[in-house]
Participant: 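Let me give you the structure first, and then I'll get to my questions.
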Amino acid sequence: MHLFSVFITGLAWVAALLLVATGVMLTYEVVARYFFTAPTIWAAELSQMCLIWASLIAMPWALAARRHIAVDAVVGLLPAPARRVTESIAMAVVFAFAAISAVYGARIFYDSFERGRTTGSMLDLPAWINELAIPFGMALLAVQAVIELIRAWGPEGVPAATHGSCE
């Protein structure tokens with residue numbers, strides 16, 4: 001589990017860099033378009049690709065770091081055994097959603113890869129580049145959900161709610 005944790009932390013840093021790259025590309029596009037009347041053919045599409053990949057590869061880290069959105073007003077008041085059960089149910093749902101998304105996403109990716117589909121934009125990149133992010137990110141999220149499920153029943157249990165803190 002430690003090696004996987006290091007891997008998803010590395011991916012979270014890659015996601016952060018992709019978000020910075022998105023900001024740089026879009027800033028360049030705005031300056032080029034409005035100040036020099038010379039829009040690019042690449043900035044919008046590449047920034048969209050960066051946003052897609054950043055979102056999907058950061059999800060497992062967000063789950064492990066408890067940075068996902070959670071409505072825990074009631075769950076936080078429950079005793080530890082009940083929190084373990086609610087955490088288990090939540091992680092089972094996350095796992096099911098991520099696994100189903102990964103399977104269907106892999107089918108879509110493979111179909112686009114096999115057929116040679118492109119984005120249809122001026123840059124006309126292969127569509128599978130963006131579509132690969134879904135099975136990849138969702139498979140990692142499914143693995144992290146299993147890790148969180150195991151962690152919930154371990155000696156540390158489920159952490160108590162932070163009640164809105166941004167630690």
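For clarity, every value in this text was computed on a predicted model and none was experimentally measured. Start at 1 with the first residue, then count along the sequence.
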Participant: Measure across Ala43 and Leu26 and return the closest heavy-atom pair with its distance rounded to 0.1 Å.
Facilitator: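 Heavy atoms of Ala43 and Leu26 come nearest at O-CD2, 4.5 Å.
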
Participant: Kindly indicate whether the side chain of Leu140, heavy atoms from C-beta on, has any atom under 4.5 Å from the side chain of Phe4.
Facilitator: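 With C-beta onward as the side chain, the pair touches.
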
Participant: Do Phe97 and Met138 pass the side chain to side chain contact (heavy atoms under 4.5 Å, CB included) test, and can you show the C-alpha distance, the side-chain angles, and the key distance before you say yes or no?
Facilitator: CA-CA 8 Å; Phe97 174 78; Met138 289 296 179; 3.8 Å; yes

Participant: Can you name the closest pair of heavy atoms from Val94 and Ala145 and give their distance?
Facilitator: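 In this case the closest contact between Val94 and Ala145 is CG1-CB, 3.8 Å.
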
Participant: Evaluate the criterion side chain to side chain contact (heavy atoms under 4.5 Å, CB included) for residue pair Trp61 and Arg67; output intermediate values, then yes/no.
Facilitator: CA-CA 8 Å; Trp61 175 85; Arg67 298 293 186 202; 4.0 Å; yes

Participant: If the test is side chain to side chain contact (heavy atoms under 4.5 Å, CB included), which one of Leu141, Ile57, Leu56 qualifies with Phe136?
Facilitator: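 Going through Leu141, Ile57, Leu56 one by one, the side chain to side chain contact (heavy atoms under 4.5 Å, CB included) with Phe136 is satisfied by Ile57 alone.
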
Participant: Show your working on side chain to side chain contact (heavy atoms under 4.5 Å, CB included) between Asp111 and Trp128 and close with a plain yes or no.
Facilitator: CA-CA 8 Å; Asp111 187 56; Trp128 65 263; over 6 Å; no

Participant: Do the side chains of Phe113 and Glu131 get nearer than 4.5 Å, heavy atoms only?
Facilitator: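 Contact flag for Glu131/Phe113 side chains = no.
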
Participant: Looking only at heavy atoms, what is the nearest atom pair of Ala99 and Ala142, with distance?
Facilitator: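 Result for this residue pair: N-CB, 4.2 Å.
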
Participant: Any chance CH2 of Trp153 has more than 12 other-residue heavy atoms, nucleotides or ligands included, within less than 6.0 Å?
Facilitator: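 Enclosed: over 12 neighbouring heavy atoms sit under 6.0 Å from CH2 of Trp153.
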
Participant: Assess whether a salt bridge exists between Glu87 and Arg84, defined as any Lys/Arg side-chain N lying under 4.0 Å from an Asp/Glu carboxylate O.
Facilitator: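 Salt bridge: no.
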
Participant: Does Leu125 reach the side chain of Asn130, with side-chain heavy atoms less than 4.5 Å apart?
Facilitator: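 A side-chain contact is absent here, since even the closest heavy-atom pair is not under 4.5 Å.
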
Participant: For residues Asp124 and Gly120, report the shortest heavy-atom separation together with the two atoms involved.
Facilitator: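 Shortest heavy-atom contact: OD1-N, 3.2 Å.
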
Participant: Would you say that Glu29 contacts Pro39 through its side chain, given a criterion of any heavy-atom pair below 4.5 Å between the two side chains?
Facilitator: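 Glu29 reaches Pro39 side chain to side chain.
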
Participant: Report yes if the side chains of Phe95 and Leu149 come closer than 4.5 Å at any heavy-atom pair, otherwise no.
Facilitator: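 When only atoms from C-beta onward are counted, Leu149 and Phe95 do not touch, as no gap falls below 4.5 Å.
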
Participant: Considering all heavy atoms of both residues, which atom of Cys50 and which atom of Thr22 are nearest to each other, and what is their separation?
Facilitator: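 Looking at all heavy atoms of both residues, the shortest contact is CB-OG1, 3.1 Å.
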
Participant: Evaluate the criterion side chain to side chain contact (heavy atoms under 4.5 Å, CB included) for residue pair Trp53 and Leu132; output intermediate values, then yes/no.
Facilitator: CA-CA 9 Å; Trp53 274 95; Leu132 179 59; 4.0 Å; yes

Participant: Quick one: are the ring centres of Trp42 and Tyr28 less than 6.0 Å apart?
Facilitator: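 Yes, ring centres under 6.0 Å apart.
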
Participant: If I take atom CG from residue Leu3 and atom CD1 from residue Ile8, how far apart are they, to the nearest 0.5 angstrom?
Facilitator: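 If we round to the nearest 0.5 Å, Leu3:CG and Ile8:CD1 are 11.0 Å apart.
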
Participant: To the nearest 0.5 angstrom, please state how far the CD1 atom of Ile108 sits from the CD1 atom of Ile134.
Facilitator: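 Ile108 CD1 to Ile134 CD1: 6.5 Å, rounded to 0.5 Å.
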
Participant: Give the minimum heavy-atom separation between Leu123 and Ile41, together with the two atoms involved.
Facilitator: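 Here Leu123 and Ile41 meet closest at CB-O, 4.0 Å.
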
Participant: Would you kindly check if the NZ (Lys) or CZ (Arg) of Arg107 is within the cone defined by 45 degrees around the ring axis of Tyr104 and under 6.0 Å from the six-membered ring centre?
Facilitator: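 Judged by the rule, Arg107 and Tyr104 form a cation-pi pair.
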
